[in-house]
Structures are given as C-alpha cells and as structure tokens.
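The shown structure was predicted, so the numbers you read here are calculated from the model rather than taken from an experiment.
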Amino acid sequence: MFGIGKRRDREVAAALDELRQADTVAFGGVGIAGTTLPVTDAYRRVEAALAEDPAGVRDQLDRLLAEATPAGRVYAATLLEHVDPSAGRAAWAALGDDPAEFGTFTGCVMGRTTLREYAAGHLGRG
C-alpha cells in the first residue's frame with residue numbers, strides 16, 4: 001500500500017480511518033491534563049507517513065478529502081498542504097463553500113465551527 005512495511009501500512013490505514021470518522025479537530029493536547037485525543041495521534045501518524053512517503057500517502061489524502069467527515073476533511077486539507085501547498089490551498093478554497101459543522105478543541109476550550117468559517121480563517125479571510 002505505502003511501501004513502508006506491512007505493519008506500518010496497517011497503522012497508517014487505521015490512522016486514515018480514524019481521520020475519516022473524526023468529529024473533532026484538535027492538533028495538540030486538550031483539557032487541563034493536556035490529553036492527546038486518538039484523532040490527534042492518528043493525524044500525527046499520517047503526518048509522519050507523509051514525510052516518509054509523500055507519493056504513497058498523497059492519493060489517500062485526496063480520498064480522505066472527498067470521503068471524510070467535516071473534521072476529517074480539515075485534517076486532509078492540512079496534510080495535503082504539507083505535501084503540495086497549491087493543492088492544499090485549493091482544498092481550503094473548496095471547503096470555503098461548505099456549511100457543515102464540526103467540533104474543535106484548543107487546549108481547554110471546546111467549540112464548534114463550520115468548514116466555511118475554518119477555511120476562511122485558514123485562508124486569511126476570517
């Protein structure tokens with residue numbers, strides 16, 4: 001699948017599934033204890049695989065962008081931007097028309113936003 005070992009392939013596939021079903025975006029620790037959510041761990045695993053094998057993971061990001069929940073699409077656009085900045089920007093622009101909602105977590109602060117609002121903020125329009 002990704003050319004980086006069967007076990008690693010399974011781990012990355014599981015991480016992509018986690019992102020595909022995500023309902024919350026959290027890039028760091030959350031809550032008073034700074035707990036790392038499973039989805040944040042999944043994001044980090046895919047990010048590491050992307051650094052090791054950009055070509056092998058790229059197609060998976062495109063699929064994630066098309067099939068995932070709203071939170072999963074945020075993760076996909078963020079990762080896509082790492083490997084291909086112009087494709088990432090295009091993904092953010094496309095998400096800018098989507099009113100779908102998802103949860104966010106920044107430290108101890110939990111919130112909700114829409115893809116439209118999140119993308120606008122990411123593109124500097126918010």
Side-chain angles (χ1 to χ4, degrees):
M1 175 196 245
F2 301 107
I4 53 179
K6 289 186 183 268
R7 181 173 181 215
R8 180 81 166 152
D9 288 351
R10 285 191 304 273
E11 290 173 359
V12 173
L16 286 161
D17 285 342
E18 180 81 29
L19 295 180
R20 187 172 285 107
Q21 300 170 45
D23 60 3
T24 302
V25 172
F27 291 102
V30 300
I32 294 172
T35 303
T36 302
L37 298 178
V39 72
T40 305
D41 283 336
Y43 170 82
R44 291 177 183 163
R45 284 194 304 277
V46 175
E47 185 178 41
L50 185 61
E52 291 176 20
D53 184 17
V57 179
R58 170 61 197 268
D59 289 343
Q60 299 298 320
L61 296 181
D62 291 335
R63 193 168 308 136
L64 191 63
L65 191 60
E67 299 172 354
T69 62
R73 287 182 284 184
V74 167
Y75 287 116
T78 302
L79 290 162
L80 188 57
E81 196 169 41
H82 291 328
V83 72
D84 185 343
S86 63
R89 188 159 183 79
W92 287 117
L95 294 176
D97 292 331
D98 196 326
E101 291 188 4
F102 60 95
T104 60
F105 232 129
T106 305
C108 294
V109 181
M110 190 174 184
R112 291 200 64 77
T113 191
T114 65
L115 280 170
R116 179 182 297 139
E117 292 166 344
Y118 199 91
H122 190 83
L123 292 169
R125 294 187 242 153

First locate atom CG of Leu19, then atom OG1 of Thr40, and finally report the distance between them rounded to the nearest 0.5 Å.
9.0 Å

Can you sort out the partners of Gln21 under side chain to side chain contact (heavy atoms under 4.5 Å, CB included), two or more places apart, ordered by chain and number?
Asp17

Got a sec, which residues hit ring pair (Phe, Tyr, Trp, His ring centres under 6.0 Å) with Phe102, two or more places apart in sequence or on another chain?
Tyr118

Shortest non-hydrogen contact between Val46 and Val12, atoms and distance:
CG2-O, 4.4 Å

Arg116 meets the salt bridge (Lys or Arg N to Asp or Glu O under 4.0 Å) criterion, sequence neighbours left out, with none

Ala91 meets the side chain to side chain contact (heavy atoms under 4.5 Å, CB included) criterion, sequence neighbours left out, with Leu65, Ala77, Leu80

Side-chain donor-acceptor pairs under 3.5 Å in residues 94-101, sequence neighbours left out?
{"from": "Asp98", "atom 1": "OD1", "to": "Ala100", "atom 2": "N", "distance (Å)": "2.8"}
{"from": "Asp98", "atom 1": "OD2", "to": "Arg73", "atom 2": "NH1", "distance (Å)": "3.1"}
{"from": "Glu101", "atom 1": "OE1", "to": "Arg112", "atom 2": "NE", "distance (Å)": "3.4"}

Using the side chain to side chain contact (heavy atoms under 4.5 Å, CB included) rule, take Leu50 and Leu61 through it: C-alpha gap first, then chi angles, then the decisive distance, then the call.
CA-CA 10 Å; Leu50 185 61; Leu61 296 181; 4.1 Å; yes

Scan for salt bridge (Lys or Arg N to Asp or Glu O under 4.0 Å) pairs involving residues 81-96, sequence neighbours excluded, and state none if there are none.
Arg58-Asp84

Any pair with a residue in residues 36-50 that passes salt bridge (Lys or Arg N to Asp or Glu O under 4.0 Å), sequence neighbours left out, goes on the list, sorted by first then second residue, please.
none

Please list, chain by chain and in numerical order, all residues satisfying salt bridge (Lys or Arg N to Asp or Glu O under 4.0 Å) with Asp23, sequence neighbours excluded.
none

Is there a side-chain contact between Phe27 and Leu37 in this structure, where contact means two heavy atoms from C-beta onward sitting under 4.5 Å apart?
no

Could you pull out all residues at least two apart from Glu18 that satisfy side-chain hydrogen bond (donor to acceptor under 3.5 Å, both in side chains)?
none

Could you work out, with side chain to side chain contact (heavy atoms under 4.5 Å, CB included) as the rule, every residue matching Ala22, not counting sequence neighbours?
Val39, Thr69, Ala71, Tyr75

